[in-house]
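Here the structure is laid out as structure tokens; the discussion comes afterwards.
Chain naming here is simple, since letters A, B, ... match the order of the sequence lines and numbering starts at 1 in each.
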Amino acid sequence: MKPNANSRRFLTLRRAHGYHASMSKYPFSDIEQKWQSHWETAKTFRAKEDSAFPKNKRAYVLDMFPYPSGDGLHVGHPEGYTATDIYCRFLRMNGYNVLHPMGFDSFGLPAENFAIKTGTHPRITTAKNIKTFVSQIKSFGFSYDWDRNLTTHSPEYYKWTQWIFLKLYEKGLAYEAEAPINFCSSCKTGIANEEVKEGRCERCGQLVERRNLRQWMLKITAYADRLIEDLEDLDWPDSVKTMQKNWIGKSEGANVMFRIDPSDNPELEGEVLEVYTTRPDTLFGATYMVMAPEHPLVDRLTTPAQKSAVDEYIHTSAMKSDLERTDLAKDKTGVFTGGYAVNPVNGEKIPIWISDYILISYGTGAIMAVPAHDQRDWEFARKFNLPVIEVLKGGDIDTEAFTEDGPHVNSSFLDGMGKQEAIDTIISWLEERELGTKAVNYKLRDWLFSRQRYWGEPFPIVHCPSCGVVTIPENELPLVLPDIESYEPTGNGESPLARIEEWVNCSCPKCGGKARRETNTMPNWAGSCWYYLRYIDPQNTNAFVDPEKEQYWMPVNLYVGGSEHTVLHLLYARFWHKVLYDLGLVSTREPFQRLINQGMITSFAYERQNKTLVPVDEVEETGPDSFVEKSTGEPLTRVIAKMSKSLKNVINPDDIIKEFGADSFRIYEMFMGPLQVSKPWSTSGLTGVFRFLDRVWRTGEKPLSDAPVPPEVEKLLHKTIKKVTEDTGALEFNTAISQMMIFINEAYKLNEINKDMWEAFLLLLNPYAPHITEELWQKCGHDSSCAYESWPVYTPELTVDDTVTIVVQVNGKLRAKFEAPRDMQQEEMKTHALSLERIQELTEGAQIRKVIAVPGKLVNIVVT
RNA sequence: GCCGGCGUGGUGAAAUUGGUAGACACGUUAGACUCAAAAUCUAAUGGAAGUAAUUCCAUGUCGGUUCGAUUCCGACCGCCGGUACCA
């Protein structure tokens, strides 16, 4: 998974504010190193499949693994990782057996592009980057079971990626196709529709062109219905479910056969043009047909008189990129072919046009146009003066197409019916006469599963002149990626592997004759489609996962990652998982039971009047919320933007840890706001949590004793336990932290600290700030880690106050307050409120219409 | 355009089975400590008026429901993310 932003050293506004963490005596650096190496050598967080834990006391908590880019970790990564780490530590202390692994999505283009530039083998670059990532991730003190670490580029791992591909192939879900694909001339590779952003390559920004190349495709469309249906039972955000549904884009309608009129060209006798429509009920309103320029019938339908115009149109649309084709959307273009079709319901002869607003890849690549009831058809008809026939009453078809429901007119046997009834009727009518069928279409296309690249999994496939496509036997896996001399693509669209003669030429596993290996490699998504299963049993050499272990841990109870993977990664992984489920290889229908998208960490940026952005180092703060550009003095507005190198607002986590410590970093990222929303980084905000931890440290230096806890502090402790327990379980870390701040602000005022109270607080704080709390726990006289201590419990009676403040309102406005016992009854509240001097003043002379009392809250007096 | 999300102090934010708007934190101001500064500690801090008690205004805008709306409903405005003629 690729990072969105790149980390780079950045001098923060911290110095301007004069705050420097090293001025304090809290020795975070020593403590953090000490405990990190303790956890590592003691293997504190190793997960075992211990049957003593019942199923409901096991938790699989997963982070989306990173692509190990050369830029290292940026501040966005640790946000999700910290959240899951806090949750895991919390669960362990609550008696759960927790599986919490980390690994690397280590095949991918950047390492290969670097190889092209420098000649360094991607394996070397990747290993180096992973080393950096591991040490960076470890510096946060996350409680991963590092023994389960995996990398998708290692042969031990991709052996099983290849093995799963063979299963897909055996099931008929992988096939070859010669298809026009998006080709990036800069990456020299084919790319999926999903990787084309606004007509440009998502990775390099190059305009994408179309090319015909032989490709491997995965039949994800065969699972479209189940991918929609099974969303139902998942504990995922509704927005993600909706996006996946929209992406799959199921629509129901009918395929309708239109006979081609052969009167001008006898060769067309018996030829049929099939269209897909969601509105077969409007068939009587079809006044023309439109085919995609790429439609196979275009050539034969075109009359000699129209040939030059049609050829030219086909040529221009082929030259257009997808971007241009869609950009010109508002202004419809098209050409008449000269051919005619016959409307099956009434025998009318209607002209056939071609236009690039019809996509060859959707439906049948041709439509019947009903301009009265489809806006696109309406625009097209208006431009080319084609007739418009109203077949549903209710709209004004002179101004726009009417797409709502209404009674049918001009439609013979459908007249008077509503939309749904007419659809059902016409479909049966068509089916009886074999002129059409009910049909379902999806926006989802099959998954283009090959890349003409080096740094990916080789396909376990051989092409034999006599046997055709032959799979490599399972016992010969992995098919190892060979070393090569040059990483440059061949330019004709083949992968660099095609140049290694001794690798490409092989013998056919079936007939032993001369054969050639498949030279495409798998896309980056392949490895990330099943990594969560391999963590369960990463060393297994006999199977991709042991079934018993799989059943022990699956499904993933909580999956946390960025929303950029909402559609693709999550859809692809669900697809593979369902295939494995159908093969009886995994026990759950879905891989990820609960999903959370963490928000993006953004940054402040400064905008000129003309909406251009100024790099942070060019900005001067002249007052509260007022900023000017240093060089020009132009006033600037502070806005929120993504971190970017050019704006110089990228934060490097290493710098922050060095200056403030990992515990501060962890708590700050959680304190910024709710996990799910995006929030701007502010280093000055970080000082607040640093002060909090420093205050914890100083409180820990006070004498510990068994001195009685003042009653109000004891109550505060129990309220804090309650709030932190509830909020941590609900992943509402920001409010839990705020409650712990409230507690420490009181506790540090005491001269002596009660040991039991202090230990309870340390355990509450431990998931958030594991290093400082381990150290303070040890100072309390314990000689082992507190990672598996029992979570503190609160006494419910101590979490509520005996007296509450009752608010008195007059006509809904706050006018007075009084203290009352928590259980004061409504009548007494009313009497007391009305007796208050202030209220008597305000209600004097007025008529009291009504008095409302809400126990424990307020009294509202309505007067006129 | 469509789909999804979000609009609260100078800043990050809190509070919703409808019941004290602004917890906690940053910043700012004043004070203590200090030769001085930093750090630390104490206090104040939504806006306006008033010596004060207190009053008025305030959760994007307008309207509705209600004794009472940041919370529910309707319309609109703005921002962010996704998507692109899917017949």
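Taken from CE in M257(A) to OG1 in T437(A), the straight-line distance is 6.0 Å, to the nearest 0.5 Å.
For the pair M243(A) and G365(A), both in contact range of RNA chain B, the more 5′-proximal nearest nucleotide belongs to M243(A). Each of R695(A) and E252(A) was assigned the nucleotide of RNA chain B with the nearest heavy atom; the assignment lying further toward the 5' end belongs to R695(A).
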* Asked: Can you give one letter per nucleotide of nucleotides 56-70 of chain B, 5' to 3': B if a protein heavy atom sits under 4.0 Å from the base, S if only from the sugar-phosphate, - if neither?
  -> SS---------BS--
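Comparing the C1' positions of U61(B) and G7(B) gives an interatomic distance of 11 Å, to the nearest angstrom. With P as the reference atom, A13(B) and C80(B) are 16 Å apart, rounded to whole Å. Rounded to whole Å, the P atom of G47(B) lies 14 Å from the corresponding atom of G22(B). Rounded to whole Å, the separation between the C1' atoms of C77(B) and U29(B) comes to 37 Å. The same atom, P, is picked in A58(B) and in G10(B); the two are 15 Å apart, to the nearest Å. C26(B) and G46(B) have their C1' atoms separated by 16 Å, with the value rounded to a whole Å. Nucleotides A52(B) and C35(B) have their P atoms positioned 37 Å apart, rounded to a whole Å. Taking atom P on both nucleotides, C73(B) is separated from G18(B) by 11 Å, rounded to a whole Å.
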* To do: Quick one: do Y668(A) and F660(A) satisfy ring-ring contact (aromatic ring centres under 6.0 Å, His included)? Show the steps, please.
  => CA-CA 10 Å; Y668(A) 174 62; F660(A) 297 95; 9.3 Å; no
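By the neighbour-count criterion of 12 heavy atoms within 6.0 Å, atom NZ of K241(A) is densely surrounded, having more than that number from other residues, nucleotides or ligands.
Note on R691(A): a side-chain N or O is less than 4.0 Å away from OP1 or OP2 of C26(B). For the OP1/OP2 pair of G12(B) and a distance below 4.0 Å, the side-chain nitrogens and oxygens of R638(A) include no atom meeting the criterion. Residue R698(A) has a polar side-chain atom (N or O) positioned under 4.0 Å from OP1 or OP2 of C41(B). Distances shown here put a side-chain N or O of S251(A) below 4.0 Å from the OP1 or OP2 atom of A87(B). Look at Y748(A) and you'll find a side-chain N or O under 4.0 angstrom from OP1 or OP2 of C41(B). At the phosphate of A25(B), OP1 or OP2 sits under 4.0 Å from a side-chain N or O atom of N745(A).
Among the candidates V370(A), N343(A), V391(A), I389(A), the single residue satisfying the side-chain contact (heavy atoms from CB on, under 4.5 Å) test with F284(A) is V391(A).
Atom CD of E274(A) is separated from atom C1' of A87(B) by 14 Å (rounded to the nearest Å). A straight line from CG of L568(A) to P of G81(B) spans 18 Å, rounded to a whole angstrom. If you take CG of N246(A) and P of G1(B), they are 17 Å apart, rounded to a whole angstrom. As a whole-Å value, the separation of Q375(A) CD from A84(B) C1' is 16 Å. If you measure from atom OH of Y357(A) to atom P of C85(B), you get 13 Å, rounded to the nearest angstrom. If you take CD of E669(A) and P of C26(B), they are 18 Å apart, rounded to a whole angstrom. Across the protein-nucleic acid pair, I640(A) atom CD1 and U11(B) atom C1' stand 10 Å apart, rounded to whole Å. Atom-to-atom, CG of L814(A) to P of A21(B) comes out at 6 Å; the value is rounded to the nearest Å.
Closest to the side chain of T278(A), out of C85(B), G81(B), A87(B), is A87(B). Minimum atom distance to the side chain of R838(A) is reached by U54(B), of the listed A21(B), G12(B), U54(B). The side chain of I358(A) has A87(B) as its nearest neighbour among A87(B), C24(B), U40(B). The nucleotide whose nearest atom lies closest to any side-chain atom of K817(A) is, among C85(B), U20(B), C26(B), U20(B).
With a glycosidic angle no further than 90° from 0, G9(B) counts as syn.
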Distances under 3.5 Å between nitrogen or oxygen atoms of protein and nucleotides 13-16 of chain B:
| from | atom 1 | to | atom 2 | distance (Å) |
| --- | --- | --- | --- | --- |
| A14(B) | OP1 | N734(A) | ND2 | 2.8 |

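Shown here are the side-chain contact (heavy atoms from CB on, under 4.5 Å) partners of A366(A), two or more places apart in sequence or in another chain: L273(A), V275(A), M291(A), H295(A), T364(A). Partners of S361(A) under the side-chain contact (heavy atoms from CB on, under 4.5 Å) rule, at least two apart in sequence or in another chain, are L359(A), R445(A). Take E252(A) and apply the side chain to side chain donor-acceptor pair (under 3.5 Å) test, not counting sequence neighbours, and it matches no residue. When the salt bridge (charged side-chain N to carboxylate O under 4.0 Å, His left out) test is applied to E400(A), no partner is found at least two apart in sequence or on another chain. For Q825(A), there are no side-chain contact (heavy atoms from CB on, under 4.5 Å) partners at least two apart in sequence or on another chain. In this view, A422(A) and D281(A), H408(A), L414(A), M417(A) satisfy the side-chain contact (heavy atoms from CB on, under 4.5 Å) rule, not counting sequence neighbours. D801(A) pairs by the salt bridge (charged side-chain N to carboxylate O under 4.0 Å, His left out) definition with K719(A), not counting sequence neighbours.
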* **Watson-Crick and G-U pairing of RNA chain B, under 3.5 Å, as dot-bracket with | and [ ]** => (((((((..(((......[....)))((((((.......))))))((((....))))..(((((..]....))))))))))))....
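A salt bridge links K830(A) with E827(A): the closest approach of a Lys/Arg side-chain nitrogen to an acidic carboxylate oxygen falls below 4.0 angstrom.
Screening residues 359-375 of chain A for salt bridge (Lys or Arg N to Asp or Glu O under 4.0 Å), with sequence neighbours left out, gives D374(A)-R376(A). Each salt bridge (Lys or Arg N to Asp or Glu O under 4.0 Å) pair with one or both residues in residues 672-682 of chain A, not counting sequence neighbours, appears once here: E79(A)-K679(A).
At a threshold of 4.0 angstrom between heavy atoms, the contacts of S738(A) include nucleobase atoms, whether or not backbone atoms are also involved. Backbone-only contact: K857(A) has heavy atoms under 4.0 Å from sugar-phosphate atoms and none from a base. Among the protein residues, L858(A) comes within range of the nucleic acid bases, having at least one heavy atom under 4.0 Å from a base atom.
The six-membered or imidazole ring of Y288(A) lies away from that of F384(A), with a centre-to-centre distance of 6.0 Å or more.
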